[in-house]
Amino acid sequence: MKLYIGNLSYRMTNDELNKTFSAYGDVLSTHIVLDRETQRSKGFAFVEFSDKQAAESAMQSLNGKELAGRTIVVNEARPKPARQRRAG
DNA sequence: GTTGAGCGTT
C-alpha cells in the first residue's frame, strides 16, 4: 500500500521520511517529489509499505503531526496519472 | 508552497 504525504517541509529528506514511517511497519520505499528542473521539494511525498495494516497505522498516527516544522497530512496515494504526449 | 518521471510524438 502507498501513502501520500502532503504539506511537507522543503527540508524533509527520504531518509527522514523512511525513519519516521518505518516506526509503524516495513517501508519499501520513499519518494519525495522534486521539481523536475530545480530539484526543489514540491512539498509532498510518497511512502510505500509492504503491509496495508502498517500503512493504515502510520496514516492514522502521522496525519496531522508536525514534522520538521510543518504539519503533515497523510492519506492513501491516488494512482499516478499518465503523462500527456504533446509537444510540451 | 498538496498526488510521483523521462522519453519523444498521441
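Here is how names work: the chains are called A, B, and so on, in the same order as the sequence lines, proteins then strands, and each is numbered from 1.
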Tell me: CG of A/D35 to C1' of B/dG4, nearest whole Å?
13 Å

Between B/dT3 (P) and A/N75 (CG): distance, integer Å:
11 Å

Those residues at least two apart in sequence (or on a different chain) that pass side-chain contact (heavy atoms from CB on, under 4.5 Å) with A/T30 are A/N14, A/L17, A/N18, A/V27, A/V47

Where at least one partner belongs to residues 42-60 of chain A, residue pairs that pass side-chain hydrogen bond (donor to acceptor under 3.5 Å, both in side chains), sequence neighbours excluded:
A/S29-A/E48

Fellow cluster residues of A/V33, listed by chain then number, with links counted only when side-chain atoms sit under 4.5 Å apart:
A/Y4, A/F44, A/F46

Expressed as a whole number of angstroms, how long is the span from A/M1:CE to B/dT3:C1'?
14 Å

From B/dT2, B/dG4, B/dG6, pick the nucleotide closest to the side chain of A/R36?
B/dG6

In whole Å, what is the span from the CG atom of A/N7 to the C1' atom of B/dT2?
7 Å

For DNA chain B, the residues among residues 38-47 of chain A that have a non-hydrogen atom under 4.0 Å from it
A/K42, A/F44, A/F46

Kindly give the heavy-atom pair with the smallest separation between A/M59 and A/E76, and that separation in Å.
CE-N, 3.8 Å

Can you list, by residue number, the residues of residues 10-24 of chain A that have a non-hydrogen atom closer than 4.0 angstrom to DNA chain B?
A/Y10

Closest-nucleotide 5' rank along DNA chain B - winner of A/H31 and A/L8:
A/L8

Contacts to DNA chain B from residues 50-62 of chain A, heavy-atom cutoff under 4.0 Å, which residues?
none

Distance-only, no hydrogens or angles: does the A/N7 side chain make a donor-acceptor pair with backbone N or O of A/I72 under 3.5 Å?
no

In this structure, how many angstroms lie between the C1' atom of B/dG4 and the CZ atom of A/R78, rounded?
13 Å

